[in-house]
*Asks:* 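Just passing along the structure, written as structure tokens.
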Amino acid sequence: MQKLKDANLFRNELIPISGKLVERYNKCLVKLGFTATKLTSFSIDGIGWSPEIAEEKEQVFYLNNGEANSHAIIITPLQKGLPIYNPFHSYDAELMKLVFKTYSKKIQNITRDSALYLDFDQNIDVFYEPLDVLNYKEITIHFHLIDDLKKAKEEQLKLIETFNQDYNFIDENLHQQLISSAKKYGDLRERDINLEPIVYTSDSFFTRAFGGVYLLRNFIKPILIFESKEAYKEAINDTTYDVLMFHIAQPELMNQLKDHVIIECDLEAEVGSKRYKRIKKFIFGEALKETQHPVNDILKDKTLFKSYLNKIDVKTRKKVMSAERYLDKKKVNNNLKIADFVDEQLYFALHKPHSSLRAQHQDLIWKLLVNIAPKDVLFWYWYDKENFYENFKTWQESKKDWVIETIRNNF
């Protein structure tokens, strides 16, 4: 992963945490029912997730109390606008944007000497079966402060009220209580630390619950797409709801997405695009095993590309060039079927969200398409970084160089 780090493509926007902030972070963890970290320094993203703590705990989603209850930790206003590197839900970034849009100034005030832990309440205490995800609708964001700061303010105000009554101003015991409160919490009289719950209404989304599930709403019927075969098999036996269900590897899924005007593909237009060139080169790169030249050079140099294209077996050659071969043959015979000529993964990878979809829906469908056919390294990196990172480890060094250069050239 060092190559990605050197190129600033690996979790390069994390915030370093040390000193007092570690103590506050641990208090949040304990309040949420988790064990404190033993690390003295680590880094966090926009939602308060730390890759170092995840590694220490050997649990990626250590901020979750089960799949139905996710949380966030805010210990610095610098978390505002930061990426969320390992979201449990596709709308997690939207939740944090809403939090900082609503309470940015209050968060800045509170985190100067305290911290917050957030509860994303979906009114679901625990999941029992895959179709429970259909109950996701409204998420209520509850805010909690460490050190019972809200309660401390109430007690401090009560002490002040008592102090101002009759002759209580001469009560030395009361003096001491006020001094102790001020030393521990500061002057809380004018501090606005009350954060009312915020309600976020979800639409279509992806959740990592049950091995990964897409829920597409606002269509003829809700559509559920499962990444886990086990969850899919369990779900199709449940006849409680009138929904369409697919496993992500089912070829008929793409036809259904087209029929519902969720995705589209103009093959002729796509073949002339930069995206097509990236996809074709990636698929070609998968076929290159032992080469005289670095894979990076082969994929970048037209002469070397043609040379090695002629060296690979005919079946693989047809696969790499299948889209262009189909378009050439279609000029002579208009009755040819795409499925008979174009490689399935190549064709799936060339699809895109339908232009009629809202921007937020388009991002979700891009993520789905990347998961169906992960062949465009740029969109793979954009829409599923953690999966991209895992696969990046398996590629040969020269191919990694091409991938990094391709991503950096398209920012």
Side-chain angles (χ1 to χ4, degrees), residues 204 214 216 218-227 229 232 236 243-288 298-299 302-303 305-357 361-362 364-380 383 406:
S204 298
Y214 289 86
L216 308 183
N218 301 326
F219 299 103
I220 299 170
K221 293 180 182 179
I223 302 173
L224 284 167
I225 302 164
F226 295 87
E227 292 188 337
K229 285 186 178 180
Y232 169 68
I236 57 175
V243 296
L244 294 174
M245 288 181 274
F246 299 92
H247 182 259
I248 198 167
Q250 287 180 261
E252 56 265 39
L253 168 61
M254 295 295 283
N255 290 329
Q256 285 290 335
L257 293 175
K258 276 187 176 180
D259 291 344
H260 282 75
V261 198
I262 296 172
I263 62 172
E264 60 185 342
C265 179
D266 181 342
L267 190 59
E268 192 167 351
E270 291 298 333
V271 165
S273 68
K274 289 183 179 180
R275 190 162 69 98
Y276 168 71
K277 291 177 182 178
R278 291 195 302 268
I279 293 168
K280 183 175 77 169
K281 287 180 179 181
F282 181 80
I283 290 174
F284 185 38
E286 289 179 313
L288 298 173
I298 297 169
L299 297 180
K302 288 184 178 180
T303 303
F305 188 97
K306 290 179 181 179
S307 173
Y308 278 89
L309 186 62
N310 282 278
K311 287 183 174 71
I312 60 176
D313 62 273
V314 176
K315 184 179 178 181
T316 306
R317 194 184 309 161
K318 287 181 177 180
K319 174 182 176 180
V320 173
M321 303 301 296
S322 59
E324 291 167 59
R325 289 182 68 243
Y326 166 75
L327 292 175
D328 285 340
K329 290 184 177 295
K330 190 183 176 184
K331 294 174 184 176
V332 180
N333 183 359
N334 202 37
N335 294 320
L336 291 177
K337 294 180 179 179
I338 291 177
D340 294 337
F341 265 87
V342 183
D343 175 71
E344 185 177 78
Q345 281 286 292
L346 172 62
Y347 182 54
F348 287 175
L350 288 171
H351 283 71
K352 61 184 180 181
H354 197 275
S355 56
S356 64
L357 298 181
H361 280 173
Q362 288 197 20
L364 179 64
I365 301 306
W366 271 125
K367 176 177 171 56
L368 172 60
L369 289 171
V370 163
N371 290 157
I372 290 172
K375 301 298 178 186
D376 182 350
V377 293
L378 178 64
F379 282 54
W380 196 351
Y383 289 102
T406 298

*Asks:* Start with the C-alpha distance between L216 and L364, add both sets of side-chain angles, then the distance that settles side chain to side chain contact (heavy atoms under 4.5 Å, CB included), and finish with yes or no.
*Replies:* CA-CA 9 Å; L216 308 183; L364 179 64; 3.8 Å; yes
*Asks:* To the nearest 0.5 Å, what is the distance between SG (C265) and NE2 (H354)?
*Replies:*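 The distance works out to 12.0 Å.
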*Asks:* Can you tell me how the ring of H361 sits relative to the ring of F219, calling it parallel under 30°, perpendicular over 60° and tilted otherwise?
*Replies:* tilted
*Asks:* Which heavy atom of V377 sits nearest to which heavy atom of T406, and what is that distance?
*Replies:* CG2-CG2, 4.0 Å
*Asks:* Would the distance check show the side chain of H247 and the main-chain N or O of I225 forming a donor-acceptor pair, the cut-off being under 3.5 Å?
*Replies:* no
*Asks:* Minimum heavy-atom separation for P353 to L357, with atom names?
*Replies:* CB-CD1, 4.2 Å
*Asks:* So, do L369 and Y383 sit near enough that their side-chain heavy atoms are less than 4.5 Å apart?
*Replies:* no
*Asks:* Any side-chain to backbone donor/acceptor pair from R275 onto E270? Under 3.5 Å, distance only.
*Replies:*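 Not a single qualifying donor-acceptor pair exists.
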*Asks:* Assess whether side chain to side chain contact (heavy atoms under 4.5 Å, CB included) is satisfied between M245 and V243, documenting all intermediate values.
*Replies:* CA-CA 6 Å; M245 288 181 274; V243 296; 3.9 Å; yes
*Asks:* Just so I know, are the side chains of F282 and D376 near enough to count as touching, which here means a heavy-atom distance under 4.5 Å?
*Replies:*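 They are not in contact (no side-chain heavy atoms under 4.5 Å apart), so the answer is no.
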*Asks:* When you look at NZ of K277, are more than 12 heavy atoms from neighbouring residues, nucleotides or ligands closer to it than 6.0 Å?
*Replies:*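 No, NZ of K277 has 12 or fewer neighbouring heavy atoms, counting only those of other groups under 6.0 Å.
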*Asks:* Give the C-alpha distance, both sets of side-chain angles, the deciding distance and a yes or no for side chain to side chain contact (heavy atoms under 4.5 Å, CB included) between I283 and T316.
*Replies:* CA-CA 9 Å; I283 290 174; T316 306; over 6 Å; no
*Asks:* Any side-chain heavy atom of K375 sitting closer than 4.5 Å to one from E286?
*Replies:* yes
*Asks:* With a 4.5 Å limit on heavy-atom distance, are the side chains of K274 and L378 in contact?
*Replies:* no
*Asks:* Take K352 and W366 through the side chain to side chain contact (heavy atoms under 4.5 Å, CB included) test and state the conclusion after the steps.
*Replies:* CA-CA 7 Å; K352 61 184 180 181; W366 271 125; 3.4 Å; yes
*Asks:* In plain terms, say whether E324 and K280 are close enough for a salt bridge, that is, a side-chain N and a carboxylate O under 4.0 Å apart.
*Replies:* yes
*Asks:* Which heavy-atom pair separates A323 from V271 by the least distance, and what is that distance?
*Replies:*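 For A323 and V271, the tightest heavy-atom pair comes out as CB-CG2, 4.0 Å.
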*Asks:* N255 side chain to P251 main-chain N or O, any donor-acceptor pair under 3.5 Å?
*Replies:*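 Judged by distance alone, no pair lies under 3.5 Å.
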*Asks:* What is the distance from atom CZ of F246 to atom CD1 of I236, rounded to the nearest 0.5 Å?
*Replies:* 11.5 Å
*Asks:* Determine the minimum heavy-atom distance between I312 and L288, stating which atoms define it.
*Replies:* CG2-CD2, 4.4 Å
*Asks:* Roughly how far, to the nearest 0.5 Å, is the CG atom of L257 from the CD atom of E264?
*Replies:* 12.5 Å
*Asks:* To the nearest 0.5 Å, what is the distance between CZ (F305) and CG (N310)?
*Replies:* 10.5 Å
*Asks:* Is the shortest heavy-atom distance from the side chain of R278 to the side chain of F379 under 4.5 Å?
*Replies:* yes
*Asks:* List the atom of A373, the atom of A349, and the distance in Å for their closest heavy-atom pair.
*Replies:*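 Smallest heavy-atom distance, with atoms named: CB-N, 3.8 Å.
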*Asks:* Judged by atom type as modelled, is there a donor-acceptor pair below 3.5 Å linking the side chain of K221 to the main-chain atoms of L244?
*Replies:*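 Side chain of K221 to backbone of L244: no pair is present.
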*Asks:* State, with a plain yes or no, whether a side-chain heavy atom of L309 is found less than 4.5 Å away from one of M321.
*Replies:*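 Yes, close enough: below the 4.5 Å cut-off.
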*Asks:* Distance check, rounded to the nearest 0.5 Å: L267 atom CG versus L327 atom CG?
*Replies:*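 So the gap between those two atoms works out to 4.5 Å.
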*Asks:* Answer yes or no: is there a side-chain heavy-atom contact under 4.5 Å between Q345 and K319?
*Replies:*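 Sidechains of K319 and Q345: no contact.
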*Asks:* State, with a plain yes or no, whether a side-chain heavy atom of Q256 is found less than 4.5 Å away from one of I223.
*Replies:* no
*Asks:* Write down the atom of K329, the atom of L336, and the distance for their closest heavy-atom approach.
*Replies:* CB-CD1, 3.4 Å
*Asks:* If you measure from CD1 on I365 to OH on Y214, what distance do you get to the nearest 0.5 Å?
*Replies:* 8.5 Å
